[in-house]
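Take a look at the structure set out below.
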Amino acid sequence: MGSVSLKIGDGTARFQRATLCSSAVNILMIFSVITTNLFALYAFTASPKHPHHLLHHHAHKNISLISEQVSLILREIDLSQKKLAQMEKELLGYESIDLSRPNIASELKLFLLRHQLPLGKDSRTGITEMVPSVGHICEKNLDLLSQFMSYKVFGACPDDWSVAQKLILKGCEPLPRRRCFAKTVSKVGLYPFPDSLWKPVGNKTVNWSGLNCKNFECLNGKKLSRECIGCFDLAHGNENVKFVKAKSKNDFLVDDVLALGGGGVRIGLDIGGGSGSFAARMADSNVTVVTSTLNVDAPFNEFIAARGLFPLYLSLDHRFPFYDNVFDLVHASSGLDVGGKSEKLEFLMFDIDRVLRAGGLFWLDNFFCANEEKKQALTRLIEMFGYKKLKWVVGEKVDSIGSGKHEFVLSAVLQKPVRV
């Protein structure tokens with residue numbers, strides 16, 4: 001029908017037109033009302049052909065029959081509604097969060113309640129209430145979510161950012177915690193911009209709780225990922241020569257890539273940008289770059305912020321919180337792999353394409369190709385988008401994680417086409 005309804009499934013406000021099934025239920029209810037009225041009309045208007053006591057008996061019998069029929073119809077309607085609700089849950093692939101379950105934090109219950117619009121029904125959308133957004137995967141991690149939501153309102157938040165990140169990595173985002181104060185860090189030893197870009201970051205500028213290392217000296221001795229081996233050492237490591245000095249043919253230089261953009265590169269997005277050195281090098285060239293990263297085994301977000309750069313605390317399962325066609329450049333490396341799932345890579349590539357403007361550059365930087373099949377699959381995916389290949393190099397280099405084996409990597413600069 002033409003009404004607009006508000007559903008709770010994944011916790012997101014979803015406004016759906018009434019389905020064909022709900023229309024059928026409405027028609028069935030109208031039919032039952034008409035049938036009941038016809039029975040009543042027949043019972044009270046039939047011409048008397050029998051004695052009064054027999055007429056009274058038949059009228060009573062007819063009324064009982066009508067009552068039974070109405071009860072049967074109401075039961076059928078109730079059963080149909082329950083079946084439709086169950087079908088909707090099965091089609092959507094999830095159950096709504098059951099707030100009657102035990103051990104659910106009271107703050108989570110309050111957050112998930114429907115809230116009436118202060119001015120009543122909205123004339124444009126037809127909605128009368130709003131529901132806060134909570135990802136449907138949160139229902140599968142309800143115990144962990146309830147633990148995360150157990151805090152004193154208007155008090156200090158528990159120092160449990162690692163619990164929050166665990167939920168995010170499981171796909172439960174956005175997180176619902178709102179009404180408590182996050183732990184503060186004094187941030188001693190920050191440098192003014194642009195000196196902050198390449199000055200060593202002090203140990204007192206970050207929160208070390210929940211991490212195995214408690215200082216940057218410890219982190220500098222670890223191989224955290226293919227892109228982060230000593231990546232917190234801005235004084236003696238390789239970070240200060242990245243993107244300005246090539247170690248192999250797959251290492252492209254910032255100045256060369258910017259030249260391919262014809263002077264039109266002003267803002268960019270770095271996906272899984274480690275400690276922020278790509279954004280720092282681009283800042284040296286007056287290009288603003290947002291770096292998406294998580295704090296996996298290290299305080300990446302705080303380190304990037306201490307350098308005077310913009311960190312974005314976001315998993316790659318989440319849609320980028322940016323409008324369409326806003327970035328001049330998107331940079332990504334092996335972090336683009338997202339667990340080796342081809343479908344997830346497709347989702348991510350479509351979102352990269354969405355936020356990159358026509359004529360913008362997609363810089364794929366030393367993407368690790370585990371085998372020829374994976375390289376071919378990635379190549380087919382890129383070609384499906386119709387990007388122009390400005391640079392395309394497949395090379396072999398020593399495994400960056402220290403195994404001593406050689407690995408194949410793909411580096412490319414691609415230009416997004418104009419689509420009509």
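Only heavy atoms go into these numbers, but all of them, side chains included; no hydrogens, no water, no symmetry mates. Quantities reported herein were computed from a predicted structural model and do not represent experimental measurements. FYI, the numbering just counts along the sequence from 1.
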key: Contact check, side chains of W392 and T379, non-hydrogen atoms, under 4.5 Å   = yes
task = Tell me, with the steps shown, if L167 and R177 meet side-chain contact (heavy atoms from CB on, under 4.5 Å).
result = CA-CA 12 Å; L167 283 166; R177 180 183 283 179; over 6 Å; no
query = Is the backbone N or O of C231 less than 3.5 Å from a side-chain atom of S275, with the two atoms forming a donor-acceptor pair by type?
reply = yes
key: Nearest non-hydrogen partners of M149 and P176, listed with the distance   = SD-CG, 3.5 Å
key: Backbone of N238 reached by a side-chain donor or acceptor of D233 within 3.5 Å   = no
inquiry  = For the OG1 atom of T291 and the CG atom of D270, what is their distance to the nearest 0.5 Å?
reply    = 5.0 Å
ask   = Do D328 side-chain atoms and G268 backbone N/O form a donor-acceptor pair below 3.5 Å?
value = no
pair F362-M349: side-chain heavy atoms closer than 4.5 Å = yes
key: Distance, nearest 0.5 Å, that separates SG of C218 from CZ of F232   = 11.0 Å
ask   = For atom CG of D195, is the number of surrounding heavy atoms from other residues, nucleotides or ligands below 6.0 Å larger than 12?
value = yes
query = Where the side chain of D317 meets the backbone of G171, is there a donor-acceptor pair that is under 3.5 Å apart?
reply = no
key: Salt-bridge criterion met for R75 and D78 (N-O under 4.0 Å)   = no
request  = For L410 and V394, run side-chain contact (heavy atoms from CB on, under 4.5 Å): C-alpha distance rounded to whole Å, both residues' side-chain angles, the deciding distance at 0.1 Å, then the answer.
outcome  = CA-CA 5 Å; L410 169 63; V394 177; 3.6 Å; yes
key: K222, NZ atom: more than 12 neighbouring heavy atoms under 6.0 Å   = no
query = Where is the tightest heavy-atom contact between L258 and S285, given as atom of each residue plus distance?
reply = CD1-CB, 3.7 Å
ask   = Any chance NZ of K214 has more than 12 other-residue heavy atoms, nucleotides or ligands included, within less than 6.0 Å?
value = yes
inquiry  = Taking the side chain as everything from C-beta on, heavy atoms only, tell me whether V206 gets closer than 4.5 Å to V185.
reply    = no
query = Would you say R354 and F327 make side-chain contact, with heavy atoms under 4.5 Å?
reply = no
Using distance only, find each side-chain donor-acceptor pair of residues 381-390 under 3.5 Å and give its atom names and separation, not counting sequence neighbours.
unit_1	atom_1	unit_2	atom_2	d
E383	OE2	K389	NZ	3.3
Y387	OH	D353	OD1	2.6

ask   = Roughly how far apart are H331 NE2 and L364 CG, rounded to 0.5 Å?
value = 8.5 Å
inquiry  = Looking only at the side chains, is there a donor atom on one of N366 and N250 sitting less than 3.5 Å from an acceptor on the other?
reply    = no
query = Side chains of P299 and T205: does their closest heavy-atom pair fall under 4.5 Å?
reply = no
query = Going through the distances and angles, do F243 and D365 end up as a side-chain contact (heavy atoms from CB on, under 4.5 Å)?
reply = CA-CA 10 Å; F243 311 110; D365 186 9; 3.3 Å; yes
query = Side chain of D122, backbone of T125: donor and acceptor closer than 3.5 Å?
reply = yes
message = What I want to find out is whether R178 reaches E107 closely enough, with some N-O distance under 4.0 Å, to be called a salt bridge.
response = no
ask   = Closest heavy-atom contact between L108 and I104?
value = CD2-CG2, 3.9 Å
ask   = When you look at CZ of F193, are more than 12 heavy atoms from neighbouring residues, nucleotides or ligands closer to it than 6.0 Å?
value = yes
key: ring pair (Phe, Tyr, Trp, His ring centres under 6.0 Å) contacts touching residues 149-171 (sequence neighbours left out)   = none
Straight-line distance of C228 SG to D297 CG, nearest 0.5 Å = 10.0 Å
K391 NZ/CZ over F252 ring centroid, <6.0 Å and within 45° of normal = yes
ask   = Would a distance-only check, ignoring hydrogens and angles, find a side-chain to backbone donor-acceptor pair under 3.5 Å from D351 to F320?
value = yes
key: Point-to-point distance, once rounded to the nearest 0.5 Å, from CG of L175 to CD1 of I168   = 4.5 Å
ask   = For F322 and L312, what are the C-alpha separation, side-chain angles and deciding distance, and is it a side-chain contact (heavy atoms from CB on, under 4.5 Å)?
value = CA-CA 11 Å; F322 303 112; L312 182 64; 3.7 Å; yes
request  = Could you pull out the closest heavy-atom pair between C180 and A156, with the gap in Å?
outcome  = CB-C, 4.3 Å
ask   = Between the main-chain N or O of G189 and the side-chain N or O of K204, is there a donor-acceptor pair closer than 3.5 Å?
value = no
request  = Kindly say whether S277 contributes a backbone atom to a donor-acceptor pair with the side chain of K242 at under 3.5 angstrom?
outcome  = no
Exercise: identify the closest heavy-atom pair between N325 and A358 = OD1-N, 4.4 Å
Smallest separation among heavy atoms of S292 and I271, with atom names = OG-CA, 3.4 Å
inquiry  = Testing the 3.5 Å rule here: is there a donor-acceptor pair between the side chains of E302 and N295?
reply    = no
message = With rounding to the nearest 0.5 angstrom, report the CG to NZ distance, L144 to K170.
response = 7.0 Å
request  = For S150 and S146, indicate whether the former's side chain and the latter's backbone hold a donor-acceptor pair under 3.5 Å.
outcome  = yes
task = Not counting sequence neighbours, which residues clear ring pair (Phe, Tyr, Trp, His ring centres under 6.0 Å) with F148? List them please.
result = none
query = Is there side-chain contact between Q415 and L260, with heavy atoms separated by less than 4.5 Å?
reply = no
message = Can a side-chain donor-acceptor contact be found between S209 and N207 if the only test is distance below 3.5 angstrom?
response = yes
ask   = How about S334 and E227: do any of their side-chain heavy atoms sit closer than 4.5 Å?
value = yes
task = Compare all side-chain heavy atoms of L234 with those of K199 and state whether any distance is below 4.5 angstrom.
result = no
request  = Would you check, one step at a time, whether the test ring pair (Phe, Tyr, Trp, His ring centres under 6.0 Å) holds for Y191 with W198?
outcome  = CA-CA 10 Å; Y191 295 97; W198 300 104; over 10 Å; no
